[in-house]
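Written out below as structure tokens is the structure these notes cover.
We're numbering straight along the sequence, starting at 1.
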Amino acid sequence: MSSTVSTALPVSLDAEAPRTYQVRTFGCQMNVHDSERISGLLDAAGYVPVPESAGEGEADVVVFNTCAVRENADNKLYGHLGQLVGAKRANPRMQVAVGGCLAQKDRDTILAKSPVVDVVFGTHNIGSLPTLLDRARHNRQAELEILESLDVFPSTLPTRRESVHSGWVSISVGCNNTCTFCIVPSLRGKERDRRPGDILAEVRALVVDGAVEVTLLGQNVNSYGVEFGERGAFADLLRACGTVDGLERIRFTSPHPAAFTDDVIDAMAETATVMPQLHMPLQSGSDTVLRAMRRSYRSTRFLGILDKVRDRLPHAAITTDIIVGFPGETEEDFQATLDVVEASRFASAFTFQYSIRPGTPAATMPHQVPKAVVQERYERLTALQERISGEENRALVGSTAEVMITAATGAKADATGRVSGRARDNRLVHVAVPAGARGPRPGDMVTVPITAAAPYHLIADPAAGRYDLRRTRAGDAWDRAQAESCGVPAGTPGAGSAARSGAVALGMPGLPVRV
């Protein structure tokens, strides 16, 4: 589908100065990965990213990569668009583009509601963005282009990676499941799988570029291979990635419990570079609610998977997603969720209050749970999970962790001087660098004792003799990237602050400003 709507404000055709851009990302890891492609496309088209310190509205092109799953996603978008009205009047070169799942769903509604928008593009035609921007600028009118199926697999597009030490690699797009609360299949289409050779080629290219960690990405990674009829393809892919020289850490997100098979557990346990971490969405502990959600597994099956994983990977950290207040959920159903959470001992959980998503079967189901009831249950669930997370983390005090330092730091980093990173099990660790010791760069590894714990992070304050720094190719790549951007190389005592320009925390649903 393609159409033209003349609602955008006129823009100047002055092309003397390079046009700048900023990408803002909302939603899941798939959106974060898509934003890397959007940035790469704009780079290739001659646009220049604005400095990270720039505020929203200071760029000539502002792209919103939207989500249609999170609560109030549309209100959040229109709030941001409203804030750009003054900036656009002040900058006649400015263009605003909206892409992602909300754009795929709402289409021309976005143009009708917001006159500042110049381009609306969908999840299937990311590669069209530079052309649509040029067309809107030339014709002085808004452009809307939404395709109903994928035209080019996103991973064939240029990429501006958010992190030099880590990379996302899409193994599939779309989803064949029919969960009643989810609108993703209608927005991203049926599952499309990449060929293993293409995936491995991208993994190797990332490693050559300095990455030491990759996260394999898909709406349902463990159904990988369904398109070309190869059972066991995901387990084979994990093992193949494990043979890539120079790759130290492999993660993946997210699997579906119904399709999770023993061969994947075996591949995780037998491939040294696959990290002892698993994100396994529960959604509900009630079999009645799971049936209404059209989730094709039950709580006993879910707990059985966790038992098998922990039998082969005793130190694995398991995380999950849970929805509270699904239509028809009774107190008995909710108690079943609390019971499964207690038994599962999740390292952490992403918990969501159910809210109606137009276009999903659940939106019209009877017995919608009152907001006050949902809120009260949500508070009980988060309190339970916080207790469990705290207990699980405190059990690690005294153990030793290998931590890959990232560019992101904690809120108290300026006061504490700690740098931050991820342990092999993906737990967040804040690390103090002993006086006189060499500071790590993003991508470097430090092996340190865990000295304290909180529900959402671990702390390592090692003595000088317990701090082991291993400089990596990824750290070297960070230094090169800093030099190329006139930054200050990290790697000296106190240089942690030089490592604080934004990078997304892999495996976590961070929503950073992408510039």
Strictly by modelled atom types, are [X] and [Y] linked by a side-chain donor-acceptor pair under 3.5 Å?
{"X": "Gln335", "Y": "Glu331", "answer": "no"}
{"X": "Arg357", "Y": "Ser355", "answer": "yes"}
{"X": "Ser223", "Y": "Glu191", "answer": "yes"}

List in chain and number order the residues that pass side chain to side chain donor-acceptor pair (under 3.5 Å) with Asn176, two or more places apart in sequence or in another chain; answer none if no residue qualifies.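 Asn176 satisfies side chain to side chain donor-acceptor pair (under 3.5 Å) with no residue once adjacent residues are dropped.
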
Assess whether a salt bridge exists between [X] and [Y], defined as any Lys/Arg side-chain N lying under 4.0 Å from an Asp/Glu carboxylate O.
{"X": "Arg422", "Y": "Glu213", "value": "no"}
{"X": "Arg441", "Y": "Asp444", "value": "yes"}
{"X": "Arg387", "Y": "Glu342", "value": "yes"}
{"X": "Lys190", "Y": "Glu227", "value": "no"}

Ignoring hydrogens and geometry, is there a side-chain-to-backbone donor-acceptor pair from [X] to [Y] under 3.5 Å?
{"X": "Ser172", "Y": "Tyr224", "answer": "no"}
{"X": "Arg301", "Y": "Pro257", "answer": "yes"}
{"X": "Gln368", "Y": "Gly325", "answer": "no"}
{"X": "Gln385", "Y": "Phe346", "answer": "yes"}
{"X": "Ser163", "Y": "His165", "answer": "yes"}
{"X": "Arg295", "Y": "Gln283", "answer": "no"}
{"X": "Thr123", "Y": "Gly100", "answer": "no"}
{"X": "Asp287", "Y": "Ser299", "answer": "yes"}
{"X": "Thr243", "Y": "Ala240", "answer": "yes"}
{"X": "Arg394", "Y": "Ala454", "answer": "no"}

Reported CG-to-CZ distance for the pair Asp193 and Phe228, which is rounded to 0.5 angstrom: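 CZ of Phe228 is found 5.5 Å from CG of Asp193.
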
Calculate, to the nearest 0.5 Å, the distance between atoms CG and CG belonging to Leu216 and Asn222 respectively.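 Result: 12.0 Å between the selected atoms.
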
Between Tyr354 and Glu329, does the side chain to side chain contact (heavy atoms under 4.5 Å, CB included) criterion hold? Intermediate values first, please. CA-CA 10 Å; Tyr354 173 80; Glu329 182 189 74; over 6 Å; no

Let's go through Arg427 and Gln277 carefully: what are the C-alpha distance in whole Å and the side-chain angles of both, what is the deciding distance for side chain to side chain contact (heavy atoms under 4.5 Å, CB included) to 0.1 Å, and is it a yes or a no? CA-CA 9 Å; Arg427 282 183 166 92; Gln277 173 222 347; over 6 Å; no

Heavy-atom distance under 4.5 Å between the side chains of His279 and Arg251, does that happen here? no

Is any side-chain heavy atom of His124 closer than 4.5 Å to one of Val173? no

Have a look at Leu458 and tell me which of Leu428, Val448, Leu396 forms a side-chain contact (heavy atoms from CB on, under 4.5 Å) with it.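 When Leu428, Val448, Leu396 are each tested with Leu458, the side-chain contact (heavy atoms from CB on, under 4.5 Å) holds only for Leu396.
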
In residues 230-238, what donor-acceptor pairs under 3.5 Å come from side-chain atoms, sequence neighbours left out?
none

Start with the C-alpha distance between Asn393 and His457, add both sets of side-chain angles, then the distance that settles side chain to side chain donor-acceptor pair (under 3.5 Å), and finish with yes or no. CA-CA 8 Å; Asn393 280 357; His457 64 265; over 6 Å; no

Does the pair Tyr21 and Asp43 meet the rule for a side chain to side chain donor-acceptor pair (under 3.5 Å), with working shown? CA-CA 9 Å; Tyr21 75 88; Asp43 285 347; 2.7 Å; yes

Audit row: Met293, Ile323, side chain to side chain contact (heavy atoms under 4.5 Å, CB included) steps and yes/no: CA-CA 10 Å; Met293 289 178 167; Ile323 297 172; 4.1 Å; yes

Hey, mind stepping through Phe302 and Thr320 against side chain to side chain contact (heavy atoms under 4.5 Å, CB included) and telling me if it holds? CA-CA 11 Å; Phe302 184 91; Thr320 197; 4.2 Å; yes

Where is the tightest heavy-atom contact between Ile250 and Gly242, given as atom of each residue plus distance? CD1-N, 3.7 Å

